[in-house]
Amino acid sequence: MNPRYRRVVLKASGEALMGKQGFGIDVAVVDRLAADIADARSLGVEVGVVIGGGNIFRGVAVASKGGDRVTGDHMGMLATVINSLALRTSLVKIGVDAVVLSAIAMPELCESFSQRKAMSYINQGKVVIFAGGTGNPFFTTDSAAALRAAEIGADALFKGTQVDGVYSADPHKDRNAVRYEHVNHEQVLREGLAIMDTAAIALARENNIPIIVFSIHEERGFGAILRGGGRCTVVSNSPAPSSKKETRDA
Ligand code: UDP
């Protein structure tokens with residue numbers, strides 16, 4: 001079968017790896033994510049992955065206590081490397097060839113990122129895990145995901161979230177929140193829909209990269225969308241009008 005997209009970047013937050021724990025990494029959850037990525041690979045889809053670090057550390061936590069933001073962000077970027085190494089381990093365990101490329105050099109742990117190296121590994125069919133965010137403080141791993149998607153010429157950026165798409169309000173707090181089937185980047189920015197940070201949305205818009213918002217907790221949800229089904233909201237520049245489709249429980 002022909003998958004809906006040929007080359008994608010998957011962004012998952014660090015929190016998605018901690019399962020029911022309040023902190024750190026739940027290996028069973030990482031294994032499940034790895035299985036979903038393996039499923040996508042089995043369709044022939046080329047996959048890059050960006051994992052956040054919020055399950056371990058966020059730079060703002062230091063800054064909010066009067067500490068140095070830049071150092072805090074360095075610590076946050078290190079957290080993404082820890083998560084990336086965990087994901088590579090889970091992928092390799094099930095026979096999926098995967099490599100970690102870090103935006104910050106740490107050659108004893110993993111290779112350093114370069115666009116050429118990333119392309120080479122993607123073309124070899126390896127899953128490329130982009131660690132260390134953008135390598136710069138004051139950015140997020142959402143921006144890193146949009147950046148890497150642009151650099152490797154991805155057809156789509158998959159943003160795994162807590163819910164199955166984009167809502168007019170937080171569906172966990174507002175029962176009247178309605179789910180969008182399709183929105184465009186402009187509307188996301190204008191209405192401040194909380195999907196990814198503004199820099200990430202703007203980068204995706206400028207490079208005409210659709211963002212597929214879906215639930216990271218839905219087992220095989222990633223593959224289902226690649227197969228043409230599944231539940232998601234598509235954020236794209238296409239002229240199709242935004243459509244409010246249904247409430248969460250519909
Ligand atoms: N970070 C950074 N630059 C980047 C990406 C991440 O400084 O390009 C730091 C920042 O401190 C951030 C932390 O790494 O809070 C973890 O990333 P993020 O908050 O995006 O993780 P997520 O919320 O997706 O788990």
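Just so you know, ligand 1 is whichever comes first in the structure, and atom 1 is the first atom listed for that ligand. Atoms considered below: every heavy atom in the structure, side chains included; atoms not considered: hydrogens, waters and symmetry mates.
- A continuous path of hydrophobic side-chain contacts links Tyr180 to Leu157 [ILVMFWY only; heavy atoms under 4.5 Å].
- Applying the side chain to side chain contact (heavy atoms under 4.5 Å, CB included) rule to Arg88 yields the partners Leu85, Val92, Ala98, Val100, Ile129; only residues at least two apart in sequence or on another chain are considered.
- With sequence neighbours excluded, the residues that form a side chain to side chain contact (heavy atoms under 4.5 Å, CB included) with Gln21 are Asp26.
- Under the side chain to side chain donor-acceptor pair (under 3.5 Å) criterion, Lys93 pairs with Asp31, not counting sequence neighbours.
- Between the side chains of Asn208 and Asn237, at least one donor N or O lies within less than 3.5 Å of an accepting N or O.
- Sorted by chain and number, the residues within 4.0 Å of ligand 1 by heavy atom are Lys11, Ser13, Gly14, Gly52, Gly53, Gly54, Phe57, Arg58, Gly59, Asp73, Gly76, Met77, Gly133, Thr134, Asn136, Pro137, Phe139, Thr140, Thr141.
- In terms of heavy atoms, Ser42 sits closest to Arg227 at OG-NH2, 4.4 Å.
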